[in-house]
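All remarks here apply to the structure that follows.
Every heavy atom of this structure was used, including side-chain atoms; hydrogens, water molecules and symmetry mates were not. In what follows, chains are A, B, ... by sequence order, proteins preceding strands, each numbered from 1.
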2 protein chains.
Amino acid sequence: MKQESGSHRYQEQRRQAIRSAAAVFAEKGFHGSSTRDIAEHLGIKQGSLYYYFKSKEEALGEVCLFGIEDYVHRMQEIAASDQAFEAKLTATVTSHLSCYRERNEALKVYNDERLYLPAGRRIKLKQLGSQYRQQLEGIFEQGMESGVLRPSVDCHFAAQAVIGLCNAWGDIIVRDPDINMFDIIQKCTDLLLNGFAERRKVRRT
Amino acid sequence: MKQESGSHRYQEQRRQAIRSAAAVFAEKGFHGSSTRDIAEHLGIKQGSLYYYFKSKEEALGEVCLFGIEDYVHRMQEIAASDQAFEAKLTATVTSHLSCYRERNEALKVYNDERLYLPAGRRIKLKQLGSQYRQQLEGIFEQGMESGVLRPSVDCHFAAQAVIGLCNAWGDIIVRDPDINMFDIIQKCTDLLLNGFAERRKVRRT
DNA sequence: TGCATGTTCTATAGATCTATAGAATTCCGC
DNA sequence: GCGGAATTCTATAGATCTATAGAACATGCA
């Protein structure tokens, strides 16, 4: 019945199925979507979906993986490049927000629905997630070593803050296509580097 | 069958039901939770839940409202107080994160599940949400006028950034009870005011 | 064309889930 | 303790939903 090795055509069709699942999961959430919804989006009947996925959970797993894959890949390229700290930070924010702007519903699904995966299926995702965070931490360490950042910066906190900030704006960007993304990118990096306070005064909180 | 005016006892029991719904929705999501789950958490049988809610959607609506209510209320007090800008900012971050630390599952539900409410039920929530954001914007305007903030700050962006940052850390705090919340509060406000960059250098991105 | 394999369809079992109706029980003022 | 109101229970209708089995159709190679 089902192709084991995976012909070229099969892989191509399966990718489309993953995209459909991503679109539906992003809109209605994992539990709010039915396999019928996904199949309809793809233009086939409900039962036929099981030619591509062993279960609904497998579909979710594939969507999450698809969503985070090239996102992590881009970060790897940025971290490995020989740019200065500030360029890397800007590139990170740009990459992160671009993923949302490109209607990457899969990334939204990764963020919002991955917790519904059984523990076994989450291992790979956790790996990729912490790889991303660690590389971002590495960028901040580079920034401290080069003297651009204050020595007191907590790199773990900083990395989480960047991710949180970008995810928050990513959500807003997805819902409002009229937003000027470059404006947001510029303001985010400016916030991360300089904060909102007037620079003349020295402040300690 | 059902109490119309709402005796004291009824209102009290209903609050408990809302709390149970909040706990279950927060863990499994709206569509992932069944009315049986909620009833079990509350210690009654599935059908009995409809003594307190006309539908599952009504329960979600009440949870969301409950989650955002005192959160907005606290912001109102902060905004109306006569503190200086920096104190208000710290108070805002503290209030926001405290809501999460107090296991306010309802706030998480408001953030993650409110989109599944029908449009009619969302009106009040939207009002409260934008009230919160506007008051936060007002605080930033105060900070600009008093000269603490740079004149170039975009108050709308700033307010969204604070909310996004606090939500991101709120999520982390909820999952990891060992985190030192005061450390996070201090680092968040420091980031918002000063950024991560060494202050001696003047940076423009 | 004919055969084998790949892809989709129909139909359905079996397990949910929401919401309702009415019976049973508990609570509380008298 | 009695009687009415408040609260909870049981049972179920009716509408999902996931996953499977096997038939039907399509495709491509000999």
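With rounding to the nearest 0.5 Å, the separation of CG in B/Asp37 from OG1 in B/Thr35 is 8.0 Å.
Among residues two or more places apart in sequence or in another chain, the side chain to side chain contact (heavy atoms under 4.5 Å, CB included) test is passed with B/Arg133 by B/Ser130, B/Glu137, B/His156, B/Ala159, B/Gln160, B/Ile163. The side chain to side chain contact (heavy atoms under 4.5 Å, CB included) test applied to A/Arg14 returns A/Tyr10, A/Ile18, A/Tyr52, A/Phe53, A/Glu58, A/Glu62, not counting sequence neighbours.
In this structure, A/Ala26 and A/Val109 approach most closely via the heavy-atom pair N-CG2, 3.5 Å. Taking both residues in full, the closest heavy atoms of A/Gly67 and A/Ala106 are given as CA-CB, 3.4 Å, listed atom of the first, atom of the second, then distance.
The side chain of B/Arg9 places no N or O atom within less than 4.0 Å of a non-bridging phosphate oxygen (OP1 or OP2) of C/dC27. For B/Ser48 and D/dC9, the shortest distance from a side-chain N or O to OP1 or OP2 is below 4.0 Å. Phosphate contact (OP1/OP2 of C/dT20, side-chain N/O of B/Tyr50, threshold under 4.0 Å): absent. For C/dT10, the OP1/OP2 oxygens have no side-chain nitrogen or oxygen of A/Gln46 closer than 4.0 Å. In this model, the phosphate group of C/dT18 is approached by a side-chain N or O of B/Lys56 to a distance below 4.0 Å at OP1 or OP2. The side chain of A/Tyr52 places an N or O atom within less than 4.0 Å of a non-bridging phosphate oxygen (OP1 or OP2) of C/dT8.
Between the CD atom of B/Glu40 and the P atom of D/dT8 there is a distance of 16 Å, rounded to whole Å. Distance A/Phe53 CZ to D/dT18 C1': 15 Å, rounded to the nearest Å. Between A/His8 atom NE2 and C/dT7 atom P there is a gap of 12 Å when expressed in whole angstrom units. Atom pair B/Ile38:CD1 and C/dA19:P shows a separation of 10 Å (rounding to whole Å applied). Between A/Gln11 atom CD and C/dT7 atom P the separation is 10 Å, expressed in whole Å. When the P atom of D/dA19 is taken as reference, atom CD of A/Glu58 falls 10 Å away, rounded to whole Å. Note: CG (B/Leu60) to P (C/dT18) measures 13 Å, nearest angstrom. Put simply, OH on B/Tyr51 is 18 Å from P on D/dT10, counting in whole angstrom units.
Against DNA chain C, the stretch residues 20-37 of chain B makes heavy-atom approaches under 4.0 Å through B/Ser33, B/Ser34, B/Thr35.
In this structure, a donor-acceptor pair under 3.5 Å is absent between the side chains of A/Tyr100 and A/Asp171.
Both B/Glu57 and A/Gly43 lie near DNA chain C, and the one whose nearest nucleotide falls closer to the 5' end is A/Gly43.
In the set C/dT8, D/dT10, C/dT10, C/dT10 carries the atom at the smallest distance from any side-chain atom of A/Lys45.
Ring-plane geometry between B/Phe140 and A/Phe196 is classed as perpendicular, the angle between the planes exceeding 60 degrees on a 0 to 90 degree scale with a lower cut at 30.
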